[in-house]
There are 2 protein chains.
Amino acid sequence: MTKTERTERIRDYLRINTSATIQELAQMLDVSHMTIRRDITSLSEKGVLRIIHGGVIFNDDGHTDGYRMSLARTNMLDEKQQIARKAVSLIEPNDSIIIDAGSTGELIATFLPQDIPISVICYALNIASIVAQRPNCTLVVTGGYYHESSMVLESPEGLELLKQNRANKAFITASGVSTSLGITCSNFFERAIKHAALKSCRTSILVADSSKFDIIKPGHFADIEDFDVIITDTGISEECSAAIRAMEHKRLFTVG
Amino acid sequence: MTKTERTERIRDYLRINTSATIQELAQMLDVSHMTIRRDITSLSEKGVLRIIHGGVIFNDDGHTDGYRMSLARTNMLDEKQQIARKAVSLIEPNDSIIIDAGSTGELIATFLPQDIPISVICYALNIASIVAQRPNCTLVVTGGYYHESSMVLESPEGLELLKQNRANKAFITASGVSTSLGITCSNFFERAIKHAALKSCRTSILVADSSKFDIIKPGHFADIEDFDVIITDTGISEECSAAIRAMEHKRLFTVG
DNA sequence: GACTGTATGTTAAAAACATCACAACTATCA
DNA sequence: TGATAGTTGTGATGTTTTTAACATACAGTC
């Protein structure tokens with residue numbers, strides 16, 4: 001059995017079991033633990049798995065998400081976590097909520113309250129996977145073509161499904177927030193989805209860490225006026241904060 | 001910091017990282033190894049995580065899938081794996097394939113060839129998650145309401161999207177296979193989806209281990225005649241095997 | 001104040017695992 | 001055939017983790 005074969009089988013095994021001991025693998029492939037060791041060190045160099053004392057853990061992240069997403073995940077993580085925790089604190093029993101794509105959306109999904117029944121509508125595969133694991137949760141995923149970089153599922157039919165669902169709260173993320181030029185995102189197709197999400201909800205909540213402020217991206221999908229609640233961190237400039245506070249019927253939360 | 005706080009933070013950490021070493025956790029929470037050890041043993045007793053040498057792994061399964069699915073996963077696993085491996089061996093470069101829901105479908109998704117470009121259409125969330133991790137793979141997920149027991153996404157819009165996609169191969173699973181009463185499934189909504197999948201493909205491939213044979217479930221969605229290829233294991237009865245072989249234009253693979 | 005139970009930290013020995021160097025094996029090519 | 005490079009197994013040695021026993025701290029109770 002060649003090294004390539006072995007690494008393939010190790011991957012297969014990990015895809016099913018997510019982790020393995022060196023013993024297990026050595027026994028399965030009928031080779032010595034040293035061989036396994038050498039195989040897994042090369043696999044770990046490629047980022048496929050992570051070696052810990054006594055075994056290995058499969059590393060979804062290595063291949064799962066586009067490069068961008070994994071970058072977004074670690075950037076401003078602290079602030080994003082705090083924003084997400086604030087966001088989920090607004091959720092009430094029997095709420096129907098829309099969770100937008102993006103790393104902040106993923107954190108909201110992660111921190112969703114366990115104990116109260118809610119309905120969730122989403123269109124990003126990573127978020128769907130997280131929400132599906134929750135008890136007390138009705139889940140609708142609008143389908144479509146899978147975009148690797150944002151993990152969004154996009155199609156006319158999905159958009160239609162989104163338009164026909166109603167939510168009382170929508171947590172919308174953005175790539176750029178500008179008091180003058182409005183809320184923007186990077187991709188064309190996200191515009192339509194975010195726009196539809198905004199139209200389908202009663203209370204619209206913008207979740208964006210301070211690094212997104214004073215940034216302008218090509219896809220304009222809303223203005224600050226269109227949001228009822230804005231959650232960000234204390235890193236935003238005085239001007240932004242003042243400009244938002246000057247608007248009527250708007251709640252601004254700055255965490256951190 | 002109380003024990004409850006700590007276990008909550010361990011859970012949060014694992015939700016994001018899926019695994020952790022004892023060192024990591026001890027450092028993060030600034031307590032001794034022994035405290036973490038005691039925390040994780042109580043968490044593992046609750047089934048939240050799994051302790052391995054040197055660390056812990058988050059146990060999605062505890063909360064993720066309906067009872068049924070996890071049962072289906074372990075039942076006839078060997079045969080299912082062999083069937084899945086046979087199934088993926090039929091895939092050629094640039095194929096467009098439909099993968100049906102179910103544990104065998106999940107295994108097919110797992111074993112999908114890495115090195116050739118293919119397109120995949122699916123409607124089960126677990127399968128979507130697996131396929132999304134592949135390189136060289138265009139993915140379409142038909143969306144809809146999430147059914148926990150089968151992990152299928154179902155909606156009229158999703159069905160529409162499925163009908164509008166074309167595949168040259170569809171790998172269809174079944175809960176019951178009878179030479180006289182045809183191919184059946186358990187749920188009403190699955191019928192429509194499986195039927196649509198069959199209509200949208202050139203070559204239809206039935207993947208069903210021998211435990212499904214001579215079983216009849218309420219939802220009839222096709223007859224054996226409707227399939228071009230049947231992949232099962234050597235456990236099926238002589239009569240079944242003979243009856244299928246007697247049909248024209250049909251290929252039967254029995255693995256194991 | 002002494003008692004009790006729970007939660008946490010410390011320590012040391014035992015067990016499990018990792019690493020290293022070297023020998024044995026395999027395949028390839030001249 | 002023999003040289004070479006690459007791969008794999010073995011056993012001695014070093015390291016980390018586990019376990020268990022004991023020490024400490026703190027809150028509630030008699």
Side-chain angles (χ1 to χ4, degrees), chain A residues 1-63 78 81 85 111 113-115, chain B residues 1-63 81 85 111 113-115 135:
Chain A
M1 180 175 299
T2 81
K3 180 162 186 165
T4 332
E5 270 182 87
R6 278 201 314 274
T7 52
E8 245 331 291
R9 291 205 52 192
I10 292 174
R11 286 172 109 128
D12 282 354
Y13 188 89
L14 288 176
R15 267 178 218 120
I16 298 174
N17 297 282
T18 69
S19 71
T21 66
I22 300 212
Q23 273 195 5
E24 263 168 42
L25 295 174
Q27 205 169 346
M28 174 177 88
L29 300 174
D30 198 32
V31 291
S32 75
H33 66 106
M34 275 311 298
T35 307
I36 296 294
R37 239 168 251 294
R38 288 186 262 249
D39 290 347
I40 61 174
T41 39
S42 65
L43 279 171
S44 91
E45 275 159 15
K46 284 186 207 152
V48 175
L49 47 77
R50 174 176 160 209
I51 299 178
I52 59 169
H53 204 99
V56 295
I57 293 171
F58 195 45
N59 218 348
D60 293 31
D61 281 35
H63 295 262
D78 255 20
Q81 284 198 26
R85 287 205 183 275
F111 297 147
Q114 296 261 23
D115 38 0
Chain B
M1 178 175 300
T2 81
K3 180 162 187 166
T4 332
E5 269 181 89
R6 276 201 315 275
T7 52
E8 247 329 291
R9 291 203 51 192
I10 292 173
R11 285 173 110 127
D12 282 355
Y13 187 90
L14 287 177
R15 265 179 219 122
I16 298 174
N17 297 282
T18 68
S19 69
T21 66
I22 299 205
Q23 272 195 6
E24 265 169 41
L25 294 175
Q27 205 169 346
M28 174 178 88
L29 300 174
D30 198 31
V31 290
S32 75
H33 292 192
M34 278 313 298
T35 306
I36 295 295
R37 236 168 254 291
R38 288 186 263 249
D39 288 349
I40 62 174
T41 39
S42 65
L43 279 171
S44 91
E45 275 159 15
K46 283 185 206 153
V48 175
L49 47 77
R50 176 179 152 208
I51 299 178
I52 57 174
H53 204 100
V56 294
I57 294 173
F58 194 45
N59 217 347
D60 294 28
D61 280 36
H63 298 263
Q81 283 196 24
R85 287 202 183 274
F111 297 146
Q114 296 260 22
D115 38 2

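Nothing here was measured: the structure is a model prediction, and the numbers come from that model. Numbers restart at 1 for each chain; the letters A, B, ... are given by sequence-line order, proteins then strands. Computed from heavy atoms alone, side chains included, the values below leave out hydrogens, waters and symmetry copies.
- In summary, A:R85 and B:E8 do not engage in a salt bridge, as defined by a charged side-chain N under 4.0 Å from a carboxylate O.
- The nearest whole Å value for the distance from the CD1 atom in B:I36 to the C1' atom in C:dT8 is 12 Å.
- Side chain to side chain, B:R6 and B:T35 fail the donor-acceptor criterion of an N or O pair below 3.5 Å.
- Which of D:dT8, D:dA20, C:dT19 sits closest to the side chain of A:H33 comes down to C:dT19.
- Neither OP1 nor OP2 of C:dC17 sits under 4.0 Å from any side-chain N or O of A:H53.
- Spacing between atom CD of A:E24 and atom P of C:dA16 amounts to 16 Å, rounded to whole angstrom units.
- Remark: the A:R38 side chain and the D:dG9 base include a donor-acceptor N/O pair separated by less than 3.5 Å.
- Comparing D:dG9, D:dT18, C:dG9 by their nearest atom to the side chain of B:R37 picks out D:dT18.
- Comparing C:dT19, C:dG9, D:dT8 by their nearest atom to the side chain of B:S32 picks out C:dG9.
- Across the protein-nucleic acid pair, B:I22 atom CD1 and C:dA16 atom P stand 16 Å apart, rounded to whole Å.
- In this structure, B:M34 places its CE atom 15 Å from C1' of D:dT24, rounding to the nearest Å.
- Closest approach to the A:T35 side chain among D:dT18, D:dG9, C:dG9 is made by D:dG9 (side chain taken as heavy atoms from C-beta onward).
- Within the 4.0 angstrom heavy-atom criterion, only backbone atoms of the sugar-phosphate kind lie near B:I52; the bases stay farther away.
- Checking C:dG9, C:dA18, D:dG9 against every side-chain atom of B:V31, the shortest atom distance belongs to C:dG9.
- OP1 or OP2 of C:dC17 sits under 4.0 Å from a side-chain N or O of A:Q23.
- For A:R6, counting side-chain heavy atoms from C-beta on, the closest listed nucleotide (D:dT8, D:dT17, C:dT11) is D:dT8.
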